[in-house]
Amino acid sequence: MISQLFVLSQRGDNIVFRDYRRDVHKASAETFFRKVKFWNDDGEEDAPPVFNVDGVNYFHVKVAGLLFVATNRVNVSPSLVLELLQRIARLIKDYLGVLNEDSLRKNFVLVYELLDEVIDFGYAQTTSTELLKSYIFNEPIMIDSAVMPPLGAASIFVKGNKRMPSTVITKSVVANEPGGRKREEIFVDVIEKISVTFNSSGYILTSEIDGTIQMKSYLTGNPEIRLALNEDLSIGRSDYASSTAVILDDCNFHESVHLDSFDTDRTLSLVPPEGEFPVMNYRMTQPFKPPFRINALLEETGPLKAEVIIKVCADFNPSINANTVLVQMPVPKFTNRVNFELDRESVGNTTDFKEANKRLEWSIKKVVGGAEHTLRAKLTFSQELLGNIMKEAGPVSMTFDIPMYHASRLQVKYLQIAKKSKAHNPYRWVRYVTQANSYVARL
């Protein structure tokens, strides 16, 4: 049960606000944003997804730069409310096509209509895109793709040798194409978030993959779909699995998935509901080849001086590029000046010293597979360090996106759609994306 639900922009502007039970003060949105923005004096640590202020519980998730927030005064399962907020964000995206501040403001009537159907007096009723179509009568106002920010190479879908930008999936599931027709197509995302920790010598201490297979369907008539995965896929540890097999520790499936033949030929059968939904979530701790190797060295070079050397090696195929690579490293608190040196061939690299947070930032626009990049940073301190310099600096962390790369080697072998006729041949698109969840190298 929730008392209020509201959506805030990154500036704290109240875009959508619904008060269901009137037992929480109207200024809760302002109280929430002020608390989140100034959670810590240094602004370094983010606010937790659930916290309490003056007897009011605040639950929030951040989706596409927007803050979806719920409040209440009673004891309720936090995971239930957070899941509800995620589903509401996904539902709004299904109806609007694209989820951002502009689309919410242009479609606020439709958004309020959705919220009134989803939640009644603070209790969730349904978040099914398909079920709600019978009760929603407002048409979405589509956002011009020309004013949308570029999505980068990670947003490319592939079908054989054909490539298609993912702006095609920013259309609403309830809106038709010009002329009243609806294009028959289905999109599959295999998204993997990897966590790797390296020691000071560059050896892997821990590694894990959290993956999901997401699907967004624009098919009419609810045809049955068969999705095939690796034949040598194994769930749980097995003494009979081959050395090349993909071994998942555990997985779970969407309620629409039928597993009748999964144990025999690793195929999933389902009738996809309207909108975007996760077909399968999985976790893997089997040793895998990380896409990047990080080596970091920190040593004192004189009184009040030290030098940092960070080397990043792209350990994947040269035909693949990593985008929006960001390397960060905390430095000792008495650091007051940093001089950076980059490789001569480095193009599009930027460096910065965040003095308020005492952190180095190294941004690499694009990394080609097989390439190496090195950063040298000379640190100057305002006073002599009392303890070990290694304890006051690091670790080195890294974020990135790698399109068309999958560390687990889990693959969608084929996507088969039950045809209603010989002329019925929907488009099928598959995209692989690997992202960093926690990529850390110790000094």
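Note that the numbering runs from 1 along the sequence shown for the chain.
- Taking Y439 as the reference, F198, F400 meet the ring pair (Phe, Tyr, Trp, His ring centres under 6.0 Å) condition, with sequence neighbours excluded.
- Side-chain atoms of S200 and R442 form no donor-acceptor pair, as typed in the model, at a separation below 3.5 Å.
- Listed by chain and number, the residues in a side-chain hydrogen bond (donor to acceptor under 3.5 Å, both in side chains) with T335 amount to none (sequence neighbours excluded).
- Each of V111, L132, N107 was scored for a side-chain contact (heavy atoms from CB on, under 4.5 Å) with Y95, with one residue passing: L132.
- Under the side-chain hydrogen bond (donor to acceptor under 3.5 Å, both in side chains) criterion, N72 pairs with N57, not counting sequence neighbours.
- Considering every non-hydrogen atom in both D19 and S3, the closest pair reads OD1-O, 3.5 Å.
- Looking at residues two or more places apart in sequence or on another chain, you find a side-chain hydrogen bond (donor to acceptor under 3.5 Å, both in side chains) between S77 and S79.
- Between F262 and F253, the two ring planes are perpendicular [angle over 60°; tilted spans 30° to 60°].
- Every side chain to side chain contact (heavy atoms under 4.5 Å, CB included) that P49 has, sequence neighbours left out, goes to L82.
- Residues forming a side chain to side chain contact (heavy atoms under 4.5 Å, CB included) with L326 (at least two apart in sequence, or on another chain): Q328, E361, S363, T399.
- Under the 4.0 Å criterion applied to side-chain N and carboxylate O atoms, R18 and D116 are assigned as salt-bridge partners.
- Under the side chain to side chain contact (heavy atoms under 4.5 Å, CB included) criterion, E113 pairs with L110, I136, F137, N138, not counting sequence neighbours.
- Shown here are the salt bridge (Lys or Arg N to Asp or Glu O under 4.0 Å) partners of D250, two or more places apart in sequence or in another chain: R283.
- Listed by chain and residue number, E307 satisfy the salt bridge (Lys or Arg N to Asp or Glu O under 4.0 Å) test with R376 (two or more places apart in sequence, or in another chain).
- Between atom OG1 of residue T267 and atom CD1 of residue I225 there is a gap of 13.0 Å, rounded to the nearest 0.5 Å.
- Applying the ring pair (Phe, Tyr, Trp, His ring centres under 6.0 Å) test to F6 and every residue at least two apart in sequence or in another chain returns F17.
- Residues that satisfy the ring pair (Phe, Tyr, Trp, His ring centres under 6.0 Å) test with Y282, not counting sequence neighbours, are absent from this structure.
- Other residues, nucleotides and ligands contribute only 12 or fewer heavy atoms inside 6.0 Å of the CG atom of N75.
- More than 12 non-hydrogen atoms from other residues, nucleotides or ligands lie less than 6.0 angstrom from CD of E224.
- Checked against side-chain hydrogen bond (donor to acceptor under 3.5 Å, both in side chains), N252 has the following partners two or more places apart in sequence or in another chain: N281.
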